[in-house]
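Down below is the structure, laid out as structure tokens.
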Amino acid sequence: MSLALCGERSEQAMQRLRIELKAETDRSYDVLVGRGILNDLHREIKKIGSFSSYGLVTDDFVRPLVAERLQANLRLHNINSELLSFPPGESSKNMEIVLHLCQQLIARGFDRKSLLIGVGGGVVGDVAGFTAAIFMRGIPYIQVPTTLLAQVDSAIGGKTGVDLPSGKNLLGAFHQPLLVVSDPDVLLTLPVEARREGFAEIIKAALIADPELFSLLENEGTQLLESDNEVLETIIAKAAQVKCRVVSQDEQESGLRRILNFGHTLGHALEAASHYSLTHGQAVAAGMVVAIRFSQQWAGLGQDEVDRALALIQRLGLPTGVPGDINSESLLSALEKDKKIQANICHFVLISKIGQAVIHPISVQDLKGSLDKFGTN
Ligand SMILES: NC(=O)c1ccc[n+]([C@@H]2O[C@H](COP(=O)([O-])OP(=O)(O)OC[C@H]3O[C@@H](n4cnc5c(N)ncnc54)[C@H](O)[C@@H]3O)[C@@H](O)[C@H]2O)c1
Ligand SMILES: [Zn+2]
């Protein structure tokens with residue numbers, strides 16, 4: 001991979017999306033998407049303001065791939081930063097890592113006017129964001145997502161947090177970044193399986209809110225998984241735009257933001273029922289397949305669109321159904337445990353057509369019948 005962090009890019013070469021947050025104090029921010037734009041991070045930082053110190057938070061795998069080069073580039077432009085890293089993977093998304101980071105920040109003299117920059121996948125983003133949310137009652141941070149999933153989903157929207165031994169994301173805070181900088185060039189080193197994870201979320205975005213993005217994905221087909229795909233930048237920008245639009249209207253998930261859970265209600269149940277042998281992307285894809293069938297039954301989704309949606313999921317090598325060893329009872333019990341069933345009703349995000357999400361209540365009885373019919377063997 002060659003990640004040149006020295007040239008300059010023009011404004012026109014990138015897409016500047018915006019999260020508009022309606023609040024007393026303006027916390028709106030830009031989400032930048034463009035190949036090579038990491039080269040310009042110094043300029044974007046200087047536009048925002050000046051800070052007493054700068055901390056790049058990353059994992060040990062991304063450190064030599066992106067973070068060290070970024071640190072060198074910032075230094076060239078007179079921004080000296082400290083580099084803090086921890087072991088890669090979900091097992092690092094915990095309070096011990098956050099405490100360790102906070103202690104390192106104190107030892108290096110960080111204060112309330114310091115800036116953190118999270119450089120990595122969703123794990124780094126969640127940990128760096130949560131550290132920024134609680135360090136000295138909250139300091140500013142920037143997200144530099146380096147996985148496809150993080151660029152289209154986790155880096156946008158200000159949800160931060162860590163896991164507890166009893167469950168994922170059980171400690172957390174809403175803390176919006178000052179800026180998100182998504183450079184598709186950093187994805188060149190990403191393995192194909194990690195790309196698929198990202199595409200599960202991109203298909204979700206297309207199905208709930210962007211028919212044009214859906215057609216683009218259909219036209220590209222399996223070429224999407226190639227690392228140097230030229231259209232990827234447009235796809236990332238469109239999927240990121242969906243998340244920006246939804247978060248701008250519902251920052252704290254009191255209404256519209258729930259549509260981002262398309263495929264996830266059952267997806268989370270599947271992750272749990274498979275004892276996490278399914279990855280998040282695989283579980284969400286299988287959850288979307290069931291949600292698409294439910295959409296045909298309850299939300300009037302036409303046969304042609306059902307077929308197109310299922311075909312796209314299949315072409316990207318994602319699961320097209322619930323694995324045979326998971327039955328409807330274990331899924332219902334996982335939904336119960338996750339508090340998704342209340343008064344015998346489970347609310348599902350469905351689509352009435354490609355690009356149009358609706359929330360639909362389904363009784364446990366109907367759910368079981370339908371899961372037995374289309375979901376599980
Ligand atoms: N905050 C939110 O709104 C939100 C939304 C969705 C998911 N998440 C969280 O995101 C996490 C999953 O994110 P993820 O899939 O990015 O996982 P991740 O951060 O663990 O990254 C996956 C692996 O890819 C490596 N990697 C990162 N960038 C790379 C690159 N450019 N080239 C090669 N390898 C690279 C990482 O070192 C890691 O080993 C989960 O913890 C999930 O809960 C958060
Ligand atoms: Zn997801």
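Remember, it's 1-based here, ligands and their atoms both numbered in the order they're listed.
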Between H175 and Y141, is the ring centre distance below 6.0 Å?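 H175 vs Y141: aromatic centres under 6.0 Å.
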So that I know where these two stand, are F294 and F348 an aromatic pair - ring centroids less than 6.0 Å apart? yes
Residue, atom name and distance, where the atom is the protein heavy atom closest to [atom]:
atom	result
atom 35 (C) of ligand 1	L190 CD1, 3.8 Å
atom 40 (C) of ligand 1	E90 OE1, 3.3 Å
atom 43 (O) of ligand 1	K93 NZ, 3.0 Å
atom 39 (O) of ligand 1	P88 CB, 3.7 Å
atom 20 (O) of ligand 1	V123 CG2, 3.3 Å
atom 26 (N) of ligand 1	V62 CG2, 3.9 Å
atom 25 (C) of ligand 1	F61 CD2, 4.1 Å
atom 10 (O) of ligand 1	G122 CA, 3.3 Å

Do ligand 1 and T160 have nitrogen or oxygen atoms that lie under 3.5 Å from each other?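 No, there is no polar N/O contact under 3.5 Å.
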Please list, in number order, the atoms of ligand 1 under 4.0 Å from a heavy atom of [X].
X	result
L65	32 (N), 33 (C)
G121	16 (O), 19 (O)
N169	43 (O)
K243	3 (O)

N/O donor-acceptor pair under 3.5 Å between D183 side chain and I37 backbone: yes
Does any N or O in the side chain of S28 come within less than 3.5 Å of the main-chain N or O of L21, such that one atom is a donor and the other an acceptor? yes
Please determine if [X] and [Y] form a salt bridge, counting it only when a charged side-chain N lies under 4.0 Å from a carboxylate O.
X	Y	value
K113	D111	no
D372	K368	yes
E68	R63	yes
E201	R196	no
E20	R245	no
E305	K353	no

Nearest heavy-atom neighbours spanning P319 and V289: O-CG2, 3.8 Å
On a heavy-atom basis, which atom in T160 and which in A133 lie closest, and how many Å separate them?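 Where T160 meets A133 most closely, the heavy atoms are OG1-CB, 4.3 Å.
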Which of the listed options, [options], holds the heavy atom that is closest to [atom]?
atom	options	value
atom 16 (O) of ligand 1	T58, T189, T147	T147
atom 1 (N) of ligand 1	R63, Q151, K159, Q143	K159
atom 28 (N) of ligand 1	D59, T146, I156	T146

Knowing that exactly one of K159, K93, K168 qualifies, which makes a salt bridge (charged side-chain N to carboxylate O under 4.0 Å, His left out) with D126? K93
E230 and R35: CA distance, side-chain angles, deciding distance, salt bridge (charged side-chain N to carboxylate O under 4.0 Å, His left out) verdict: CA-CA 10 Å; E230 284 293 318; R35 295 186 72 164; 3.3 Å; yes
Contact partition for [X] relative to ligand 1, non-hydrogen atoms under 4.0 Å:
X	result
D126	side chain
E201	neither
S154	both

Can you find a protein heavy atom closer to atom 23 (C) of ligand 1 than 4.0 Å?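 Under 4.0 Å from atom 23 (C) of ligand 1, zero protein heavy atoms found.
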The Zn ion (ligand 2) - number of protein N/O/S atoms closer than 2.8 Å: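 Those protein atoms number 3 in total.
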Is E197 near ligand 1, meaning one of its heavy atoms is under 4.0 Å from it?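 False for this residue.
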